[in-house]
Amino acid sequence: MVVSVIAVDIGGTKIATGIVDNDGHIVEHARVETPKTNDPEVVFAALASAVDSLPSSLRAGATACGVGCGGPMRTAPDGGMLVSPINIPAWRDFPLRARLGAHTALPTRVDNDAKALALCEGWVGGAVGERNYLAMVVSTGIGGGIVLDGRLLDGADGNAGHVGHVIVEPEGRLCGCGAHGCAEAEASGTAILAITGRPPKEASPEGIERSGRLVGRAVASVANLLDLPLAICSGSVALGFGAPFFAAAQAELDRSCRLTFSRGTRIVASTLGSDGPLIGAAAVTLRRG
Ligand SMILES: [Zn+2]
């Protein structure tokens, strides 16, 4: 049984580390800014320092290390995990699992940060006891993770659940992925800034409604495809918009989920708050297989 683990959440602006216990409580935490650099070793040194700044007595009791990191990522031929986070240009095919495992001398598991959050929702969040759900993040980008039949979906390279690239506006804006009209290109914080010239916190009521509607459209496609009754949504843009965003998303779900099994699919705000990513990183170590 896991008593406590070292949890690491790696984002484009900050790297958070913590000790998380068996019940999903953060016992201790630390954070550093993610260096703006092209040198992969500088980023890793910042990560290592954030791990080492946790009290050594707690680190000594940890039995594993779990990591949530921005995608994409892929499994190396030797079984390692190579990460290429879009918002950390210094890391391209960086062997994160091997390097962090060597640094901590602990069994180390790495997964996509949105998938880690999905695990967290099922562990201590809004999906406890739910065997089929989508967890998604609407912030500067849009990501997600899917639990189906009680199992987190991985896909061929471990990137399953990227709901941000469900197309919601045919012939819409060019997305960073190269396609047009993805949810991320139309409804994310970055998209809202590009479309309106204003950051999401200055969005008009119409802009909030549109973002919610398009997120709802993406979720509806996923719900119809996979028979999912629940989507839990977090992220600074969605939670910052609040009730009008979720009302618009739900209205679109009600309009577009018309099959007997998908009718009534709900989208709700995550209640995990800022602890979710770190607890999710810890949950990565609890997966079997
Ligand atoms: Zn895309």
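In this chain, numbering begins with 1 at the start of the sequence shown. Every number for a ligand or one of its atoms is a count from 1 in the order of the listing. Just so you know, these numbers come straight off a predicted model, no measurement behind them. Excluded from the calculations below are hydrogen atoms, water molecules and symmetry mates; all remaining heavy atoms, backbone and side chain alike, are included.
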(message) Within the 3.5 Å criterion, strictly below it, is a donor on D275 or H25 matched to an acceptor on the partner's side chain?
(response) no
(message) When you compare the side chains of E184 and S188, does any donor N or O come within less than 3.5 Å of an acceptor on the partner?
(response) no
(message) Testing R210, R213, R217 one by one against E186 for a side chain to side chain donor-acceptor pair (under 3.5 Å), which residue passes?
(response) R210
(message) Does anything in residues 67-87 form a side chain to side chain donor-acceptor pair (under 3.5 Å)? List the pairs, not counting sequence neighbours.
(response) R74-D93
(request) Could you grab the distance from atom CZ of R97 to atom OG1 of T108, nearest 0.5 Å is fine? (result) 8.0 Å
(request) Using the ring of F94 (Phe, Tyr or Trp, six-membered ring only), decide whether R99 places NZ or CZ under 6.0 Å from its centre and within 45 degrees of its axis. (result) no
(message) Within less than 2.8 Å, report the number of protein N/O/S atoms around the Zn ion (ligand 1).
(response) 4
